[in-house]
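Hydrogens, waters and symmetry mates are skipped; everything else that's a heavy atom, side chains included, is used.
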Amino acid sequence: MKTTRASLTYILVSMIAVVVLLSSFYQYWTHKKVTIEWAKDKAIAEIRLLSNDVDTMLNGITKDLFILRDHLQFVSGVIDDSVGNNEQGHKDVETFFSIFAKNRKIYDQIRFINNRGKEVVRINYGDDASEAVKRKSLQDKSRRYYFREAIMLDFGDIYVSPLDLNVEYEIIDRPIKPMIRYATVVINKRGEKAGIVILNVKADHILNIIREHQGHARYSEKYYLTNNDGYYLLHPDNSREWGFMFDKDYRLKNDEPKLSAVFDNNTNGFSVFYNETLKKSSFYAYQRIYPIPGMSVYKLGTGGAIGRGVPGEQFIQAGAVKDIYWVLFSSADVDSLSPVFGGYQAKELLLFSGMLLGSSIIVASLLAWRYSRPVQRLANAATKIADGDLSARVSVSSENEIGRLGAVFNKMAEALESRRQQEASFQQRIREEIVLAQERERRVIAQDIHDHIGHNLAIARMKIQEAVAGLPEDLRNLKIPLDDSSVLLKDMIQQARTLIFDLYPIMLDDFGLLKTVESHVDEFSSRSGLKIKFMKEGLPGEPSRSVSIYMLRVVKELLNNVMKHASAKEVTVTIYGSEMVFGVIVADDGIGFDASNVFSSPDEFRGIGLYSIREWTTGLGGKFSAESSSGKGARIVVEIPLESPMKEGLHES
């Protein structure tokens, strides 16, 4: 006959078992979902940064091409029908091309081919030395596809050949030499096509950017590069590269047909697929890269590609058949992401669930066997934990079943408290990742300003200075406005450098937080007229990169607040720390403010900076305090706990 205790035990055990299993699997599912979302954001950011690095090199190649073209057109007589018209100019071009090749190191050949297909200047580069080919050894390239296609372009267009392996006398070079050619038309003073300037680019310099990134992968990511036909140009398994050159059908559509279809229809994104090769789910982040960054290019004739020299336009000539691009993508096993946040694998989930279920059976049996005062104490402690007090414990005064129940309950409470601490650590790491992601975006923007705006301003100033130096006497009245324009460009270049520092303080990578803050304080003092005193107290070393970035932004925000609102004359910036905390104090002698009001109205503009600093600081487990009153200045303290002790003289890069 079934007893009441047995029935109650059966009911309780059944209910607890269902709750434990459902909650465990729900936790596993939510953890996996959060992990994939984190992996998605990280993978997309990494693939964008990597494609930007490749684009930077490709942009440099197109700029080099136009520099060489302009130099040719500047040297009178070299691009005319007769080379003998300017012997010295011809030597000057050879010298310039040779120096250019030696300094850039990425070009196998630099050539000028006239409009009849005859090489006029050819520089070969290898073994860290450049060599001008003797004129008697220069060749007729009028029948080569790249000359016939490039000479058809309009002035300002760019020709790009396929990225493939170098072939000599119809035999692939050994060791293999990846190569891509860029060319553009050169015109003479009459506006006629005089020929083309062509660069043979050692494509390994492009591929090595991706290989180096692969070498620093932390979570088993693998990086690939395919051409628009899906053939692998870069693959973790080197034997699968360049299949189209060796009559091997090593293509993405054969390995992952679904993934290939996604790549064909989208320029960038993130997808999760079941990998037939690995027999498990994998995620993929992908991005198209165009040989001429910022525009589409199109296949022409035997395989070359052309694109407009004006960003944003597209050029399709008769015979164009399809878009030319490369696809850069990364992949990783979804299961390999679990250790990133200390998550469960399926085996660990079953073990944990089994242990928790076993403990629950013991608790249910004891509850059914003896409901007494100790059980009430247990219920009271459980209520405290349910209210959020995870420090609640049951005193164990005996070694019988009730005592063991109390011990099991205490272990469960400790596990919950430990789990909350892990969750807090997880949230802190997420916030740190957000800070680092924002900083990476700032770095990309700063790099773009440096590579494009700063570079173009410098070239414009140089050209103005060249124009001033070459003014004839009857136009000397133009010197003053041109000089004024040069000075204005100089100021704009300095402003661009200041903006670059504000977006991404490169000094932080090279010298660490303390030197960077000290330098910023000095510069801010000079710019604002404020008297600022910088102090350091008890610092054993440099904090982590995320803490350094956050603290630098805090100092800059607080100094800007002082300059805008405080009407102060003197400011003190103090950086202090110990083995486990790092803090900043900014104090001024200004008009002060009502600290309670500024935080009670976060939507007001005057309080949004301090409000954001306070929220982020407390979110990272730190302490924030603002001491101020009207007419008595202000003192802001921001203190962040460190997960590990600071290292003497070291900072993360």
Side-chain angles (χ1 to χ4, degrees), residues 435 494-495 497-499 501-503 505 507-508 511-543 547-578 581-642 646:
V435 171
Q494 183 59 42
Q495 292 169 5
R497 289 173 179 168
T498 301
L499 179 58
F501 177 83
D502 287 339
L503 284 171
M507 186 178 181
L508 192 64
F511 300 100
L513 176 63
L514 301 183
K515 291 290 186 182
T516 304
V517 171
E518 186 173 7
S519 175
H520 177 70
V521 166
D522 292 340
E523 187 274 337
F524 192 91
S525 178
S526 300
R527 173 159 48 88
S528 64
L530 289 172
K531 182 179 179 181
I532 304 177
K533 182 179 181 181
F534 178 66
M535 301 175 62
K536 297 175 284 187
E537 296 180 358
L539 292 170
E542 290 279 346
V547 172
S548 296
I549 292 171
Y550 179 68
M551 283 304 189
L552 178 59
R553 298 296 177 195
V554 167
V555 171
K556 294 173 70 175
E557 176 67 19
L558 293 179
L559 287 179
N560 284 332
N561 281 352
V562 171
M563 183 178 68
K564 292 178 182 178
H565 308 297
S567 299
K569 296 181 179 179
E570 295 186 3
V571 183
T572 300
V573 177
T574 305
I575 293 184
Y576 67 96
S578 64
V581 297
F582 192 88
V584 168
I585 302 174
V586 176
D588 66 78
D589 61 352
I591 60 176
F593 59 89
D594 188 343
S596 60
N597 284 340
V598 81
F599 292 120
S600 63
S601 303
D603 291 334
E604 294 182 9
F605 178 77
R606 62 190 178 91
I608 194 169
L610 290 179
Y611 185 85
S612 298
I613 292 173
R614 186 185 71 169
E615 292 302 304
W616 271 96
T617 301
T618 54
L620 292 172
K623 298 178 181 179
F624 175 92
S625 66
E627 302 172 5
S628 180
S629 59
S630 298
K632 295 184 179 181
R635 184 175 184 269
I636 309 298
V637 181
V638 176
E639 186 175 285
I640 299 295
L642 303 177
M646 291 186 288

Inset, instruction - Output, in order, the C-alpha distance, side-chain angles, deciding distance and verdict of side-chain contact (heavy atoms from CB on, under 4.5 Å) for Tyr550 and Ile640. - result: CA-CA 10 Å; Tyr550 179 68; Ile640 299 295; 4.0 Å; yes
Legend entry - Minimum side-chain heavy-atom gap Tyr576-Lys536 below 4.5 Å: no
Inset, instruction - Rounded to the nearest 0.5 Å, what's the gap from CD on Glu523 to OG on Ser528? Could you check? - result: 8.5 Å
Inset, instruction - Please report the closest heavy-atom contact between Pro641 and Gly622, naming both atoms and the distance. - result: CD-CA, 3.6 Å
Inset, instruction - May I ask you to decide if Phe593's main-chain N or O and Ser628's side chain share a donor-acceptor pair within less than 3.5 Å? - result: yes
Inset, instruction - Please name the pair of heavy atoms, one in Asp589 and one in Lys569, separated by the smallest distance, quoted to 0.1 Å. - result: OD1-N, 3.0 Å
Legend entry - Between CG on residue Asn561 and CD1 on residue Ile613, distance to nearest 0.5 Å: 6.5 Å
Legend entry - Contacts of Ala587 that satisfy side chain to side chain contact (heavy atoms under 4.5 Å, CB included) - sequence neighbours left out: Arg635
Legend entry - Set of residues satisfying side-chain hydrogen bond (donor to acceptor under 3.5 Å, both in side chains) with respect to Ser525, sequence neighbours excluded: none
Inset, instruction - Please examine the side chains of Phe534 and Val571, heavy atoms only from C-beta on, and report whether any two atoms are closer than 4.5 Å. - result: no
Legend entry - Ile575/Met535 under side-chain contact (heavy atoms from CB on, under 4.5 Å): CA gap, chis, key distance, verdict: CA-CA 6 Å; Ile575 293 184; Met535 301 175 62; over 6 Å; no
Inset, instruction - Supply the atom-to-atom distance Lys533 NZ to Lys531 NZ, rounded to the nearest 0.5 angstrom. - result: 9.0 Å
Inset, instruction - Could you check Val562 against Leu530 for side-chain contact (heavy atoms from CB on, under 4.5 Å), going step by step and ending with a plain yes or no? - result: CA-CA 9 Å; Val562 171; Leu530 289 172; 4.1 Å; yes
Legend entry - Side-chain touch Lys556/Phe524, heavy atoms, less than 4.5 angstrom: no
Legend entry - Between CD1 on residue Ile591 and NZ on residue Lys632, distance to nearest 0.5 Å: 15.0 Å
Inset, instruction - Mind checking side chain to side chain contact (heavy atoms under 4.5 Å, CB included) for Lys623 and listing every partner two or more places apart, or none if nothing turns up? - result: Glu639
Legend entry - Side chain proximity check, Val638 to Met551, heavy atoms < 4.5 angstrom: yes
Legend entry - pair Ile636-Ile585: side-chain heavy atoms closer than 4.5 Å: no
Legend entry - Flag side-chain contact, heavy atom, 4.5 Å: Val573 against Leu559: yes
Legend entry - Heavy-atom donor-acceptor pair, Thr516 side chain to Gly512 backbone, under 3.5 Å: yes
Inset, instruction - Output the distance between atom NE2 (His520) and atom CZ (Arg527), rounded to the nearest 0.5 Å. - result: 6.5 Å
Inset, instruction - Salt-bridge test for Arg553 and Glu557: reply yes if a basic N is under 4.0 Å from a carboxylate O, no otherwise. - result: no
Inset, instruction - Check for a donor-acceptor pair, side chain of Asp588 on one end and backbone N or O of Gly633 on the other, with a separation under 3.5 Å. - result: no
Inset, instruction - Would you mind reporting whether Pro543 and Leu513 have side-chain heavy atoms less than 4.5 Å apart? - result: yes
Legend entry - Close side-chain approach of Thr574 to Val584, heavy-atom, < 4.5 Å: no
